[in-house]
Amino acid sequence: MKNFAFVLASALTLGMLSPVQAQTTWTLDETILTEYNLVSGVHIPWELTWGPDDMLWCTTREGDVLHIDPLSGAYETVLSLNVNDGGVEPGLLGMALHPEWDTTPKVYLAYTAFGNQERLSVFDWDGTALGNEEILHSVGAAGIHNGSRLLVLPDNTLLMSTGDLGDGGVSSQDDNDDNGKILRFNLDGTIPADNPDPNSYVFTKGHRNSQGLCLGPNDVIYSSEHGQYNFDEFNILEAGRNYGWPDVEGSCDGVCDWCDAWNEVDFCNENDVSEPLRTWSPCAAVNDVIYYDHPAIPEWQGSVLMAVLGGFQDPVGGRLNVLHMSDDGLTLESDEYFFDEFNQRIRDVAVNPYTGAVYLALNGPSYTGNGPNLIKEFRPTATDAVNDWSDTRGVDVFPNPASHQVQLAVSASWTGQPYRVVNMQGQVLDQGQLWGQHVLDVSTWNSGAYILEATNGEGVRMTRVLMVQ
Ligand SMILES: [Ca+2]
Ligand SMILES: [Ca+2]
Ligand SMILES: [Ca+2]
């Protein structure tokens, strides 16, 4: 790994399962990332995404949906689903939020139900909890290869990856079987009239177990896919295309170990197979992807960030792949990786659209993942975007948790306004007026959670949870 030094700025140990944030910094070419343990004690976080309500949303394989304050890491469990998370890979997996959130606050979830069903359901969000499940579709499920990554497209349709259930790829080439595919839905669960076959959910076929979906520039759709032993793939999805499995592994080059090498090139020619932009051998267990287009980390701007779990023979292990794309998004120009030092399976990656901070969902050191786990934040050197965000959020609190001092970054409309800090018993610990760079001395406060309350000049009330360790 090049150009990437890390400095331990505290006595805390990397990878330690602790509610305490590791105050570690990582230096890219120029940007400094400060690492925080944002959330601890999470059990196998699977999908991690930034929501339109400026909160982080997370599924856990055991069946919970977490609603996380990205400033403090405090979270609420807003749904506990009864899922089949027996076996090594099933459970509550993918999640996507309705694109017209203000008028239609709904959350899509893909999960393994009892009875070997992988379900796509939609739930209503009432501001505090998810409920009123509507089952939109079901496909086959098994102990392995259940796909289930979800992605809303700009045309307000929804993609869902489905796995081959370990059937050797029989389903993947069967047009009448919804497994081994990428499926496309209208948001009400019906089949879009412009699907390749207007009577079928199938958008693309020939997949083994894709568990990564994201949008790039010009609405290009990226997908990652788990290979068998070799040939993990990074693909661009195009409607109606065949991605080859199980007749093709990786490129159409006659090199494969699960398929018939003599047949691979012929199959590609006869079926217009789409080849991957990149493969990994031996398999590294490539997982969810997100396109990073924020100026806060210029070294990563214009790249696909890929969460990598680390495969059985993979020499590197869990990491974040950074795939540098051409401006049109169609060509992979170079790639590098980071954070293999954690020795953790990295399941998903999300981005704060204001600050450009990157969040990683860790799944523990070994297959198939065991909790308790961490969600880490890597916050870049402050940019103007941070100040813009603070303006909408009012007050940014850091570090959090803290042991000596807490700094409050106060935006303009909140400056000069009254605030107070109370403990969970309602006792007032501190109060006064907020100033632009406000420092609270918490060195004599007991460990625990405190609430910062403030009201701006327009009567808007704001609370922040601050943790003292
Ligand atoms: Ca994701
Ligand atoms: Ca393929
Ligand atoms: Ca091949």
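Bear in mind that the values here come from a model prediction, so they are computed numbers and not experimental data. Sequence positions, counted from 1, serve as the residue numbers for this chain. Both ligands and their constituent atoms are indexed starting at 1 by order of listing.
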Would you indicate whether [X], at its atom [atom1], is surrounded by more than 12 heavy atoms from other residues, nucleotides or ligands within a distance under 6.0 Å?
{"X": "Asp219", "atom1": "CG", "result": "yes"}
{"X": "Glu238", "atom1": "CD", "result": "yes"}
{"X": "Glu333", "atom1": "CD", "result": "yes"}

- Does Glu233 bring an N, O or S atom to within less than 3.0 Å of the Ca ion (ligand 2)? yes
- Is the Ca ion (ligand 2) less than 3.0 Å from an N/O/S atom of Tyr243, whether that atom is in the backbone or a side chain? yes
- Atom name of the N, O or S atom in Asp288 that lies nearest to the Ca ion (ligand 1): OD2
- What N/O/S atom of Glu249 is the closest to the Ca ion (ligand 3)? O
- Message: Need the atom name: nearest N/O/S atom of Asp253 to the Ca ion (ligand 3).
- Response: OD1
- Rounded to 10°, how big is the angle at the Ca ion (ligand 3) from Glu264 OE1 to Ser251 O? 80°
- Where the Ca ion (ligand 1) is the vertex, angle from Asp348 OD2 to Glu47 OE2 to 10°: 80°
Any idea how [X] and [Y] line up, ring-wise: parallel (<30°), tilted (30 to 60°), or perpendicular (>60°)?
{"X": "Trp57", "Y": "Trp125", "answer": "perpendicular"}
{"X": "Phe339", "Y": "Trp300", "answer": "perpendicular"}
{"X": "Trp50", "Y": "Tyr359", "answer": "parallel"}

- Message: Please determine whether Val255 has a backbone or side-chain N, O or S atom lying under 3.0 Å from the Ca ion (ligand 3).
- Response: yes
